[in-house]
*Asks:* 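I'd like to ask you about the structure that follows.
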Protein chains: 2
Amino acid sequence: MAETEITAIFEKHGIRPTQQRIAVYSYLLAQRNHPSADTIYRALADIYPVFSRTTIYNSLNALVQAGLVRTVNICAEEQRFDADVDDHGHFICEKCREIFDFEVSSDVLERLCPTGYRFSKGDVFFSGVCPGCCG
Amino acid sequence: MAETEITAIFEKHGIRPTQQRIAVYSYLLAQRNHPSADTIYRALADIYPVFSRTTIYNSLNALVQAGLVRTVNICAEEQRFDADVDDHGHFICEKCREIFDFEVSSDVLERLCPTGYRFSKGDVFFSGVCPGCCG
DNA sequence: ATATAATCTGTAATTAATACAATTATTAAT
DNA sequence: ATTAATAATTGTATTAATTACAGATTATAT
């Protein structure tokens, strides 16, 4: 996505379009493999010589707050991040450890929510073996 | 649950019934509120004067390996543990931060799993407001 | 009872994430 | 365009969850 487009999105969501945030968001939009903060840091440190690890965390928190990015808690060790904020589930392959998206509508999720509880958001995590590793 | 019963369960699952593991598992069976390792440690340190934090982690890992306990990744900060290994979802209240169980059968989950992916296990995490905090 | 193997303990190390203060960049007003 | 005000970035230091490790202890099987 072009930098001007991202700037417009940021302004619409009320966060300042700094070079660092644009870089983090661009990376997340391009790489749809739910990277960790450290993965993003290492990738961006290669391109931008000065890029603090703290800024990665700050930018990610700002993006999450703004509703442009969501966290994925499928790994216990570290948080993962996803620029796709639409409803979908996450499948982690026990063999290659890769995370795949799959379709789950919020209608389906809300129907699972017990009565008396006010549903705000939901997530579905599956583990198993992905098609590539099934053979 | 009586200590002899727990001992029998442990032996059936191929793990040694040590005093520490029995204490951890008893606690988890009694407290169904998905405690963290630290919560378990503090509770048991009150009762047993010598109880290493490392042993809590070792015991929990052994119990998880044996299939008697499952981890709950609903909090990013720390892992939670649950002695209920039957299929169910988890709901975290945004106000009181308490975690509630709710019914979700594995049939329902497997039906959500995309074709080509071999389903092994699944978890459903919801957040929102619990009945107690809804008023 | 004893030998063997597994477990426990306590400290040290690791690692993800945050706090903080000084510097730098962005925004808005002149 | 300049400049003042505000917010973000940087780098270091810190926190907190978890693991590594080695010596002491406990459980199991002979």
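Per chain, numbering begins at 1; letters A, B, ... match sequence-line order.
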*Asks:* Does a nitrogen or oxygen in the side chain of A:Q19 sit under 4.0 Å from OP1 or OP2 of D:dA8?
*Replies:* no
*Asks:* Measure OH/B:Y48 against P/C:dT9 and give the value in whole Å, please.
*Replies:*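 Result: 12 Å.
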*Asks:* Can you confirm whether or not the ring centre of B:Y41 sits under 6.0 Å from the ring centre of B:F51?
*Replies:* no
*Asks:* Is it true that A:R70 and A:D123 make a salt bridge, defined as a side-chain N closer than 4.0 Å to a carboxylate O?
*Replies:* yes
*Asks:* Expressed as a whole number of angstroms, how long is the span from B:Q20:CD to C:dA6:C1'?
*Replies:* 12 Å
*Asks:* Provide, to the nearest angstrom, the distance between the CG atom belonging to B:L44 and the C1' atom belonging to C:dC8.
*Replies:*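 It works out to 14 Å between those atoms.
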*Asks:* Strictly below 4.0 Å: does B:Y57 bring a side-chain N or O up to OP1 or OP2 of D:dT18?
*Replies:* yes
*Asks:* Taking the six-membered ring for Trp, are A:F10 and A:Y25 closer than 6.0 Å centroid to centroid?
*Replies:* yes
*Asks:* Would you kindly give the CG-to-C1' distance between B:N73 and D:dT18, to the nearest whole Å?
*Replies:*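 In whole Å, D:dT18 C1' and B:N73 CG are 14 Å from each other.
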*Asks:* Considering every strand and a 4.0 Å limit on heavy-atom distances, what is the contact class for B:N58: base, sugar-phosphate, or nothing?
*Replies:*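 B:N58: base contact, heavy atoms under 4.0 Å.
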*Asks:* OP1 or OP2 of C:dT18 sitting under 4.0 Å from any side-chain N/O of A:N61?
*Replies:*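 For C:dT18, OP1 or OP2 has a side-chain N or O of A:N61 closer than 4.0 Å.
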*Asks:* Please check if the distance between the ring centroids of B:F126 and B:F102 is under 6.0 Å.
*Replies:*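 Under 6.0 Å, so yes.
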*Asks:* Could you tell me whether B:D46 and B:R42 have a side-chain N and a carboxylate O separated by less than 4.0 Å?
*Replies:* no
*Asks:* OP1 or OP2 of C:dA19 less than 4.0 angstrom from a side-chain nitrogen or oxygen of A:T54, does that happen here?
*Replies:*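 Answer no for this pair, as no side-chain N or O of A:T54 is under 4.0 Å from OP1 or OP2.
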*Asks:* Which part of the nucleic acid, if any, lies within reach of A:T18 when heavy atoms closer than 4.0 Å are counted: base, sugar-phosphate only, or nothing?
*Replies:*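 Sugar-phosphate contact only.
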*Asks:* Could you give the CD1-to-C1' distance, from B:I56 to C:dG10, as a whole number of Å?
*Replies:*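 So the CD1-C1' distance, B:I56 to C:dG10, works out to 14 Å.
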*Asks:* Rounded to whole Å, how long is the line connecting atom CD of A:Q65 with atom P of D:dA8?
*Replies:* 11 Å
*Asks:* With each end axis built from five pairs of C1' atoms, what bend angle do you get for the helix from C:dA1-D:dT30 to C:dT30-D:dA1? Round to 10°.
*Replies:*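 Inter-axis angle at the termini of the helix from C:dA1-D:dT30 to C:dT30-D:dA1: 40°.
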*Asks:* What's the OH-C1' distance between B:Y41 and D:dA16, to the nearest Å?
*Replies:* 15 Å
*Asks:* Give a yes/no answer on whether the side chain of B:R53 brings an N or O atom under 4.0 Å of OP1 or OP2 in C:dG10.
*Replies:*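 Checking C:dG10 against B:R53, no side-chain N or O comes under 4.0 Å of OP1 or OP2.
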*Asks:* Are side-chain N/O atoms of B:S120 and A:E94 paired as donor and acceptor at under 3.5 Å?
*Replies:*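 Short answer, yes.
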*Asks:* For B:F81 and A:S52, take the nucleotide of DNA chain D holding the closest heavy atom to each; which residue's nucleotide lies nearer the 5' end?
*Replies:*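 Closest to the 5' end, via its nearest nucleotide, is A:S52.
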*Asks:* Specify the residue among A:R16 and B:E11 whose closest nucleotide of DNA chain D lies further upstream toward the 5′ end.
*Replies:*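 Closest to the 5' end, via its nearest nucleotide, is A:R16.
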*Asks:* Assess whether a salt bridge exists between A:R32 and A:D82, defined as any Lys/Arg side-chain N lying under 4.0 Å from an Asp/Glu carboxylate O.
*Replies:*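 Salt bridge between A:R32 and A:D82, a charged N being under 4.0 Å from a carboxylate O: no.
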*Asks:* Return the value, rounded to whole Å, for the distance between atom CZ of B:F51 and atom P of C:dG10.
*Replies:*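 For the pair B:F51 CZ and C:dG10 P, the rounded distance is 11 Å.
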